[in-house]
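Take a look at the structure set out below.
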Amino acid sequence: RVASDTRGTQGNNKIKKEVDTMRRVTVTELDQWQDCKSKWFYKYFHRYAPTKGESMGNRVYGTLAHKGAEVRLLLGRDDYEPAVRLLADELGADEKAIQSALGAVRAIPQWVWQLDRPHVETEIELPVPAVKKDCAKCANWDDVTLVGHPDVWGFTGENEILVIDFKTTSESPKARMNKIYAHEVQLKRYASILYTLMQQGHFGTPIPNPIVGYQYIVVSYKGHCEVGGLNFLNQKIVDHVLSQAFTIAREIGTGSPIENYGPLCGWCEFWPICESALTGGDPNDIIDTDFLVKEAVHV
């Protein structure tokens, strides 16, 4: 665990390290750390969350659509609407959001429902190989485990796995697909973990050379979909992908939470904090007013 002695965002903040015996790092955290270290500290260490709540936009529609797809896969039949409506009540979503989510689920190709032994948002984990204690760029974890939650994965054959990531959109699925590959590293990391787990025999007999593919499926709320190209892994790709992921996992939480200002900052929920520091204000005023601390979801 890494603790900060201040709540601000200035680059000269000093980070005080406290050594734990084990650390679980999610694949999503890898992306957040690479994107902006301050964002990682706000989200995963301090666990700040905006108090203004989520607008009824694409993220809520997407949450409902993912729930519908999950229930459809697990039940093996089309009776997923009650689950979507139950979640919509919890989120405070209206009928328009519900119908949009149901439309997105109906757009998913039928062959997805034919996956054998489907897993939806199921946790997968892989221990990170230990390194020498004198590694200058590594946190002082005794054990690090890389954890992932792929949208969907299942068997397409005895030695074959397909990993699918659903993306919901209000625009043309084709237009969204043209932008989607900025997220491909995350999906490739999920697939690489599964590739290695198959080799290690986590799903039965160890398979030296498994067949693992991954692809995106973009669905719109109007009932249209676009299926991305199917990509396959080999040992060389897996070794490279996991080597990079392990390196980042060991480094997460070290150093100072330095801001990484860029054109996408305006889309970040923590931008008001960074903007306050950038303009000479007090970030603590923004934090106390507009954020709360969420319960930890993993340790």
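Here the side chain of His66 pairs a donor or acceptor atom with the backbone of Gly62 at under 3.5 angstrom. Panel note: side chain Asp116, backbone Gln114; no donor-acceptor pair is recorded below 3.5 Å.
Residues passing the salt bridge (Lys or Arg N to Asp or Glu O under 4.0 Å) test with Glu121, sequence neighbours excluded: none.
Here the side chains of Leu115 and Trp113 are not in contact, with every heavy-atom distance at 4.5 Å or above. Taking the side chain as every heavy atom from C-beta outward, Val128 and Arg250 approach each other to under 4.5 Å. Under the 4.5 Å side-chain criterion, counting only non-hydrogen atoms from C-beta, Leu162 is in contact with Trp111. Within the 4.5 Å cutoff, the side chain of Asp285 has no heavy atoms near those of the Ser276 side chain. Residues Ile273 and Phe291 form a side-chain contact, since some pair of their non-hydrogen atoms from C-beta on lies under 4.5 Å apart. Residues Ser220 and Pro173 meet the side-chain proximity criterion, which asks for heavy atoms closer than 4.5 Å. At least one side-chain heavy atom of Val147 sits under 4.5 Å from a side-chain heavy atom of Thr145. Residues Val120 and Asp151 fail the side-chain proximity criterion, which asks for heavy atoms closer than 4.5 Å.
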Next item on the list: For the pair Glu269 and Lys39, evaluate salt bridge (charged side-chain N to carboxylate O under 4.0 Å, His left out) and give the outcome as yes or no after the intermediate values.
Entry: CA-CA 9 Å; Glu269 58 190 343; Lys39 186 175 182 179; over 6 Å; no

Next item on the list: I would like to know whether Trp33 and Tyr44 meet side-chain contact (heavy atoms from CB on, under 4.5 Å); could you show each step before the answer?
Entry: CA-CA 10 Å; Trp33 183 256; Tyr44 292 101; over 6 Å; no

Next item on the list: Test side-chain contact (heavy atoms from CB on, under 4.5 Å) on Tyr261 and Glu275 and set out the steps.
Entry: CA-CA 9 Å; Tyr261 297 120; Glu275 185 180 35; over 6 Å; no

Checklist line | Residue pair Glu81, Arg106: steps toward the salt bridge (charged side-chain N to carboxylate O under 4.0 Å, His left out) verdict | finding: CA-CA 11 Å; Glu81 184 172 340; Arg106 285 192 291 267; 5.9 Å; no

Next item on the list: Before giving the answer on side-chain contact (heavy atoms from CB on, under 4.5 Å), spell out for Lys43 and Gln32 the whole-Å C-alpha distance, their side-chain angles and the decisive distance to 0.1 Å.
Entry: CA-CA 9 Å; Lys43 185 172 184 177; Gln32 299 284 4; 3.4 Å; yes

Checklist line | side-chain contact (heavy atoms from CB on, under 4.5 Å) assessment of Val163 paired with Asp165 | finding: CA-CA 7 Å; Val163 189; Asp165 193 32; over 6 Å; no

Atom pairs and distances, donor-acceptor, side-chain atoms in residues 67-74, under 3.5 Å, two or more places apart:
unit_1, atom_1, unit_2, atom_2, d
Arg72, NE, Arg77, O, 3.4
Arg72, NE, Asp78, OD1, 2.6

Please tabulate, for side-chain N and O atoms in residues 204-215, each donor-acceptor pair with protein atoms closer than 3.5 Å (sequence neighbours left out).
unit_1, atom_1, unit_2, atom_2, d
Tyr214, OH, Glu184, OE2, 3.2
Gln215, NE2, Gly228, O, 2.9

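To the nearest 0.5 Å, the span separating CD1 on Ile252 from CZ on Phe41 amounts to 10.0 Å. Remark: Asn234 CG to Phe232 CZ distance equals 12.0 Å, nearest 0.5 Å. Atom-to-atom distance recorded for Ile124:CD1 and Leu146:CG is 8.5 Å, nearest 0.5 angstrom. The CD atom of Glu125 sits 9.5 Å away from the CD1 atom of Ile193 when rounded to the nearest 0.5 Å. Atom CZ in Phe155 sits 6.0 Å away from atom NE2 in His119 (nearest 0.5 Å). Distance check: Tyr61 OH to Lys96 NZ gives 4.5 Å after rounding to the nearest 0.5 Å.
Within 6.0 Å of atom NE2 in His240, 12 or fewer heavy atoms from other residues, nucleotides or ligands are found, so the atom counts as exposed in its surroundings.
Closest of all the heavy-atom pairs between Gly148 and Val27 is CA-CG2, 4.1 Å. For Ala93 against Ala97, the heavy-atom pair with the smallest separation is CB-CB, 3.9 Å. The two residues Ala277 and Pro283 come nearest to each other via the heavy atoms CB-CG, 3.9 Å.
Taking the six-membered ring for Trp and the full ring otherwise, the centers of Phe203 and Trp153 sit less than 6.0 Å from each other.
A donor-acceptor pair shorter than 3.5 Å can be found between the side chains of Tyr221 and Thr168. With hydrogens and angles left out, the side-chain atoms of Trp40 and Glu29 include a donor and acceptor closer than 3.5 Å. Side-chain N/O atoms of Gln99 and Glu95 include a donor and acceptor closer than 3.5 Å.
Grouping the Ile, Leu, Val, Met, Phe, Trp and Tyr side chains by contacts below 4.5 angstrom, directly or via other members, places Leu64 with Leu75.
Across Leu187, Leu197, Leu233, a single residue satisfies side chain to side chain contact (heavy atoms under 4.5 Å, CB included) together with Ser192, and that is Leu233.
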